[in-house]
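Step one of this worksheet: look at the structure below.
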Amino acid sequence: MIGRPERVPKLEPPTLDESPLVSRIIAVANQKGGVGKTTTAVNVAAYLAAEGPTLLIDMDPQGNATLHFGVNPDELEDSLYDILVSDRGLEEVKLDTEIEGLDLIPSDLNLSAAEIELTSVIGRESVLKDKIAGLETTYTFIVLDVPPSLGLLCLNALHAAGEVVVPVQTQFFSLKGLGQLLKIVDLVKTKLRHDLEVRYLATMVDKRTNMSMVALEKLQTLFADRLFDTLIHVGTKLSESPVHGQPISQYSPRSRAALEYRALAREIIEMGPMETPT
Ligand SMILES: Nc1ncnc2c1ncn2[C@@H]1O[C@H](COP(=O)(O)OP(=O)(O)OP(=O)(O)O)[C@@H](O)[C@H]1O
Ligand SMILES: [Mg+2]
């Protein structure tokens, strides 16, 4: 006797508003020190987390982004270093933060050894990219806080990222040295990632000083639509918030700095990855 065919459950058609299958990976980089990279990475990541699951990777041996969440790098058992130099996965060192939807890969001083240890590894510039590959369906955004150098960690970040945000302090001398960064970005674009999107962010804008205004005008002329509309002004709350182990969204959510970083996150979300001119 032939039995009745079993009912096969109907497959649901995919919905259009599903979150993207791959993360937007955003490196915050500039080889110049103290221009607002960590401040930008931490605060933008905190606001992006409201939009979708976000991972912040501290790639700086100084561990400033780690500290910014009240985690002492000296007390970590394992950090990004242990992952980069082994076959372990990033999720093994992932920490929760107090911000809903935001996870952190912490870093400590050991990471400075990775620059040397990775030198002899084949595919040394793509170690981070390979580690991130397993997480691309978990996070909507992955933000990389890059150290102030043009070494192997920076190269790994630029190779892994689809987008780079370059904070530039609006001081005359901060514009010097940008050429070096542009050269390495060009190199990465030609050799490794043709579609790398680069945008610039004016930081520590101070309308009271002429020099800051001159530098801002210069950036506007130099980068035109590659410069974010959002300006980050000098704000004492921004320098206080790391001491309290909190992003500005928690420490002082109504301050000008908080509104500016929220606006920047919105700009990043709304712009999406930029079209690369062919
Ligand atoms: N808009 C701002 N107004 C006032 N202080 C700021 C602002 N942005 C950053 N700072 C402070 O300036 C210092 C340097 O900022 P930050 O650590 O973000 O720079 P960085 O580029 O990551 O530095 P490094 O190159 O050492 O990693 C910090 O003490 C930070 O709190
Ligand atoms: Mg930093």
Side-chain angles (χ1 to χ4, degrees), residues 26-47 56-71 73 79-80 104-109 111-112 114-115 143-154 156-158 161 164-171 173-178 180-181 184 199-209 211-213 215-216 219 227-253 255-265 267:
I26 304 166
V28 184
N30 186 339
Q31 88 280 12
K32 196 163 168 51
V35 294
K37 291 182 291 295
T38 302
T39 307
T40 299
V42 165
N43 292 308
V44 160
Y47 282 116
L56 173 66
I57 305 185
D58 186 351
M59 296 191 62
D60 189 342
Q62 296 177 102
N64 286 345
T66 302
L67 272 166
H68 210 126
F69 286 93
V71 178
S79 73
L80 178 61
L104 169 73
I105 302 290
S107 132
D108 60 12
L109 255 187
L111 191 58
S112 54
E115 290 265 10
V143 179
L144 313 175
D145 181 27
V146 183
S149 82
L150 293 175
L152 206 43
L153 287 168
C154 176
N156 262 272
L158 294 183
V164 186
V165 172
V166 182
V168 185
Q169 190 181 352
T170 48
Q171 289 295 317
F173 291 110
S174 293
L175 304 186
K176 290 177 95 187
L178 255 186
Q180 256 179 308
L181 180 75
I184 195 156
R199 297 194 195 109
Y200 300 84
L201 171 71
T203 62
M204 304 190 207
V205 175
D206 187 349
K207 296 230 155 103
R208 294 162 305 181
T209 70
M211 199 183 284
S212 181
M213 289 298 95
L216 179 60
L219 287 180
L227 186 71
F228 284 104
D229 290 337
T230 307
L231 305 177
I232 308 295
H233 288 84
V234 174
T236 46
K237 297 277 182 220
L238 282 175
S239 44
E240 288 167 17
S241 67
V243 182
H244 296 265
Q246 290 180 324
I248 197 74
S249 57
Q250 270 192 316
Y251 177 66
S252 184
S255 61
R256 173 159 85 169
L259 300 182
E260 287 174 348
Y261 272 111
R262 196 174 67 181
L264 178 63
E267 214 181 324

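For ligands, and for the atoms within them, numbers begin at 1 and follow the listed sequence. Heavy-atom basis, side chains included; hydrogens, waters and symmetry copies ignored.
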Whether the side chain of [X] engages the backbone of [Y] through a donor-acceptor N/O pair (distance < 3.5 Å, no angle test) should be reported.
X	Y	value
E267	T230	yes
T203	V168	yes
N30	V166	no
T66	P106	no

If you measure from [atom] to every heavy atom of [options], which option wins on shortest distance?
atom	options	answer
atom 25 (O) of ligand 1	K37, M59, M204	K37
atom 4 (C) of ligand 1	G33, G235, S149	G235
atom 14 (C) of ligand 1	A29, S239, P148, G34	G34

Considering only non-hydrogen protein atoms, determine which one is nearest to [atom] and report residue, atom name and distance to 0.1 Å.
atom	value
atom 19 (O) of ligand 1	G36 N, 3.1 Å
atom 2 (C) of ligand 1	L238 CD1, 3.5 Å
atom 17 (O) of ligand 1	T38 CB, 4.0 Å
atom 15 (O) of ligand 1	T39 OG1, 3.7 Å
atom 1 (N) of ligand 1	H233 O, 3.0 Å

Check: So is T40 polar-close to ligand 1, meaning N/O to N/O under 3.5 Å?
Finding: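 No, there is no polar N/O contact under 3.5 Å.
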
Checklist line | Q62 near the Mg ion (ligand 2): N/O/S under 2.8 Å | finding: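 Short answer: no, not a single N, O or S atom is under the cut-off.
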
Next item on the list: Search all heavy atoms of V146 against all heavy atoms of K37 and return the closest pair with its distance.
Entry: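 Scanning both residues, the minimum pair turns out to be O-CE, 3.4 Å.
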
Next item on the list: Would you mind running through ligand 1 and noting each atom that sits below 4.0 Å from a heavy atom of I232?
Entry: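 Taking each heavy atom of I232 in turn, ligand 1 has 1 (N) under 4.0 Å.
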
Next item on the list: Measure D60 to ligand 1 on non-hydrogen atoms and call it side chain, backbone, both or neither using the 4.0 Å cut-off.
Entry: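 It is the side chain that touches ligand 1; the backbone stays farther off.
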
Next item on the list: Classify the contact between Q62 and ligand 1 as side chain, backbone, both or neither, using a heavy-atom distance cut-off of under 4.0 Å.
Entry: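 Side chain only.
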
Check: Is atom 28 (C) of ligand 1 less than 4.0 angstrom from some protein heavy atom?
Finding: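 There is no protein heavy atom less than 4.0 Å from atom 28 (C) of ligand 1.
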
Note to self: Using side chain to side chain contact (heavy atoms under 4.5 Å, CB included), reason through S79 and L111 one step at a time and then give a plain yes or no.
What the structure shows: CA-CA 8 Å; S79 73; L111 191 58; 5.6 Å; no

Check: Are more than 12 heavy atoms from other residues, nucleotides or ligands located less than 6.0 Å from atom CE of M211?
Finding: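 No - once you tally the heavy atoms of other residues, nucleotides and ligands closer than 6.0 Å, there are 12 at most.
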
Next item on the list: Test I232 against L201 for side chain to side chain contact (heavy atoms under 4.5 Å, CB included), laying out the working first.
Entry: CA-CA 8 Å; I232 308 295; L201 171 71; 3.9 Å; yes

Check: Closer than 4.0 angstrom: is that true for some heavy atom of V35 and an atom of ligand 1?
Finding: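 A heavy atom of V35 does come that close to ligand 1.
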
Notebook entry, point to check: Looking at side-chain heavy atoms only, is the closest gap between M59 and P147 below 4.5 Å?
Noted result: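 In contact.
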
Next item on the list: List the steps, then state whether side chain to side chain contact (heavy atoms under 4.5 Å, CB included) holds for Y261 with T39.
Entry: CA-CA 9 Å; Y261 272 111; T39 307; 3.9 Å; yes

